[in-house]
**Student:** 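Next up is a structure, given as structure tokens.
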Amino acid sequence: MKKIISVILCALMLMSVAAPMAFATDVVTDTPVVFIRGASRNLYSSDTSDAEETQIFPLNVDLGAVVKEALMPCLEELAAGMLTGNFDAYCDELYNAVAPLYEDVILDKNGEASDGSGDGKNVYQFGCPVQSSNFGLWDYDFGFDMRLSPLDIAEDLKIYIDRVKAATGKEKVAIVGRCFGGNVISAYLAMYPDHAAANVESVVMYISSTVGIELIGRLFAGEIELDADNLDRFVEYAVNDLGFIEDKDLQSLIVAFVDIINYAKALGLGTDALQFIIDSVKDNLVPRLALACYGSFPSYWSMVTPDMYEKARDNVFAGKEDEYAGMIKKLDNYHYNVQLTYENVMNDLQEKGVEMTVVAKYDVPVVPLYKGAEAQGDFVAETTDISFGATCAAMEKVLTQSYVDSLSDKRYLSPDMKVDASTCLYPEKTWFLKDIFHTDFPDCANRLIGEIVNSKGKLTVFDNPEYPQYLVYDSETDTMAPVDGLDPELPEEGSNEERFSIFIRFFTAILNFFKKLFTGEFSFDGLFD
């Protein structure tokens with residue numbers, strides 16, 4: 001239970017958009033690769049390598065203890081608010097519980113680390129690995145303070161590229177950026193297009209958040225909406241795939257129970273009650289909490305979708321425009337001069353010989369905290385955004401027959417009928433990896449990137465039968481295979497067949513669980529620690 005509550009808290013507070021890369025050990029490239037990971041680098045109280053450093057991020061706290069000792073006591077004020085309609089005391093208590101956790105991490109009102117904190121292990125500052133004739137895919141792991149604006153990081157990236165060239169003796173490098181790393185690349189390409197044209201052979205945008213992440217924009221804008229169907233789908237994925245509960249029979253029972261209460265419309269009553277609380281507190285709480293943690297990071301603002309940016313900015317900084325003028329200037333600079341221009345910048349550089357490739361993910365439900373959370377995604381980001389424009393069916397749906405019939409070129413249509421890549425910025429050079437969580441980066445996917453880099457970025461989805469446009473991941477074997485054709489159709493929602501199926505699954509799950517319980521094969525010990 002503690003783990004489940006902690007994950008919900010992480011999602012609500014934007015605690016983890018990305019996690020550290022699991023480095024590949026057997027991927028060798030002909031070109032040195034500058035790797036730019038997402039918003040996940042450790043931060044320290046000092047930004048020097050020789051000082052005694054204290055890690056300040058990721059937060060070194062026990063979220064279970066925070067829930068028990070800080071958040072649970074807020075429930076009294078929450079109950080009072082539900083009786084009186086005044087939630088101010090609850091908002092204050094919740095803010096006072098959460099804000100101190102981030103006091104060593106937040107940036108100042110200009111979006112800068114004025115206290116001297118930073119990543120402390122910055123590879124750019126302290127040189128590069130020695131020259132090598134065989135380049136590991138992630139040898140040149142660019143270090144940076146993941147809180148800063150991509151525009152503040154871009155100059156360091158430019159210098160780092162020069163240092164990698166000098167260390168390796170190569171004329172050009174490849175750049176791979178994943179999640180927020182794509183935003184850093186976009187800022188570098190926009191600020192230094194001539195340098196990129198002269199020194200960069202290819203760019204790989206790996207689940208890049210250049211176009212934005214809907215979840216972040218919606219939360220900053222205060223547009224938090226719950227939907228029973230989205231929650232039902234999310235619970236099934238979280239229980240079965242995220243490892244909260246290991247026992248398969250208990251997994252099946254929980255999923256079947258949520259399915260049946262959703263079918264009976266009872267889950268919707270619960271989400272409606274939670275929505276009432278959210279609507280009552282968000283105007284008071286969201287702006288304050290945002291500036292007390294991730295809303296003080298220009299990096300996270302760079303991951304707000306263009307359609308949400310101005311609304312989110314106005315929501316968080318309302319009444320504080322003068323106080324945070326320096327911060328807002330940074331945010332606007334990236335939004336208007338990078339995010340809204342990335343397509344022209346990337347196309348111009350492609351014409352100059354810098355090859356652009358995109359690697360996206362799909363068929364994982366996104367966190368169900370906003371309207372539209374039925375979209376294809378990778379748990380955090382939506383597939384349409386990280387693929388630079390794919391047309392996608394909703395989760396558990398397929399593209400309509402009328403849409404498929406309208407396509408003049410069906411080569412880019414996924415075999416499972418969920419994604420059409422023909423609308424992407426680079427249809428021939430955009431891959432889709434199915435069933436991979438946002439923060440999972442398996443070696444088999446890294447090998448695809450190695451193939452792309454070794455082709456000097458010229459590989460297309462038609463060139464290598466081993467790497468077609470749509471690949472599905474098998475976590476047990478760490479392999480990817482071509483996506484199969486359209487799955488057999490599930491019973492139509494609302495049909496007698498579907499109703500029968502739901503009840504059969506529910507009673508089968510009960511039978512299997514209680515059989516294991518009564519035979520002593522199952523124990524609750526430690527389950528809710």
**Student:** Hey, does Thr357 have a side-chain heavy atom less than 4.5 Å from the side chain of Met205?
**Tutor:** no
**Student:** Salt bridge between Lys434 and Asp484, side-chain N to carboxylate O under 4.0 Å?
**Tutor:** no
**Student:** Just say parallel, tilted or perpendicular for the rings of Tyr188 and Tyr192, cut-offs at 30° and 60°.
**Tutor:** tilted
**Student:** Parallel under 30°, tilted from 30 to 60°, perpendicular over 60°: which one fits the rings of Tyr309 and His335?
**Tutor:** parallel
**Student:** Using a cut-off of 6.0 Å, state whether more than 12 heavy atoms not belonging to Lys456 lie near its atom NZ.
**Tutor:** no
**Student:** Can you say whether the rings of Phe142 and Tyr160 are parallel (under 30°), tilted (30 to 60°) or perpendicular (over 60°)?
**Tutor:** tilted
**Student:** For this output row, return yes or no: ring centroids of Tyr470 and Tyr412 closer than 6.0 angstrom.
**Tutor:** no
**Student:** What is the ring orientation for Phe432 with Tyr362, classed by angle as parallel under 30°, tilted 30 to 60°, or perpendicular over 60°?
**Tutor:** perpendicular
**Student:** Mark yes or no for whether Asp463, through its side chain, and Thr460, through its backbone, hold a donor-acceptor pair below 3.5 Å.
**Tutor:** yes
**Student:** Evaluate Val105 against Arg147 for side chain to side chain contact (heavy atoms under 4.5 Å, CB included), listing each step before the verdict.
**Tutor:** CA-CA 9 Å; Val105 184; Arg147 300 169 294 181; 4.1 Å; yes
**Student:** Do the side chains of Glu374 and Lys397 get close enough for a salt bridge, i.e. N-O under 4.0 angstrom?
**Tutor:** no
**Student:** Carefully, step by step, assess Val453 and Val27 under the rule side chain to side chain contact (heavy atoms under 4.5 Å, CB included).
**Tutor:** CA-CA 11 Å; Val453 170; Val27 180; over 6 Å; no
**Student:** From the options Lys172, Lys165, Lys170, select the one residue that forms a side chain to side chain donor-acceptor pair (under 3.5 Å) with Asn199.
**Tutor:** Lys165
**Student:** Check this for me, if you would: do Lys418 and Asp416 make a salt bridge, where the nitrogen-to-carboxylate-oxygen distance has to be below 4.0 angstrom?
**Tutor:** no
**Student:** Using 30° and 60° as the class boundaries, would you call the ring planes of Phe35 and Trp138 parallel, tilted or perpendicular?
**Tutor:** tilted
**Student:** Might you work through the ring pair (Phe, Tyr, Trp, His ring centres under 6.0 Å) test for Tyr300 and Phe220, ending with a clear yes or no?
**Tutor:** CA-CA 10 Å; Tyr300 275 64; Phe220 281 3; 7.4 Å; no
**Student:** Taking the side chain as every heavy atom from C-beta outward, state whether Ser209 and Val380 have any pair of such atoms under 4.5 Å apart.
**Tutor:** no
**Student:** Is Lys361 close enough and on-axis enough to Phe441, meaning under 6.0 Å and within 45°, for cation-pi?
**Tutor:** yes
**Student:** Do the rings of Phe297 and Phe57 sit parallel, tilted or perpendicular, given the 30° and 60° boundaries?
**Tutor:** perpendicular
**Student:** Got a sec, which residues hit side-chain contact (heavy atoms from CB on, under 4.5 Å) with Thr477, two or more places apart in sequence or on another chain?
**Tutor:** Asp474, Thr479
**Student:** Could you check whether Asp332 pairs with Arg313 (Lys NZ or Arg NE/NH1/NH2 to Asp/Glu carboxylate O, under 4.0 Å)?
**Tutor:** yes
**Student:** Which pair of heavy atoms, one from Leu189 and one from Met346, lies closest together, and at what distance?
**Tutor:** CD1-CG, 4.4 Å
**Student:** Does NZ belonging to Lys311 count more than 12 external heavy atoms closer than 6.0 Å?
**Tutor:** no
**Student:** Mind checking what makes side-chain contact (heavy atoms from CB on, under 4.5 Å) contact with Val28, not counting sequence neighbours?
**Tutor:** Asn134
**Student:** Any salt bridge between Lys330 and Asp152, counting N to O under 4.0 Å?
**Tutor:** yes
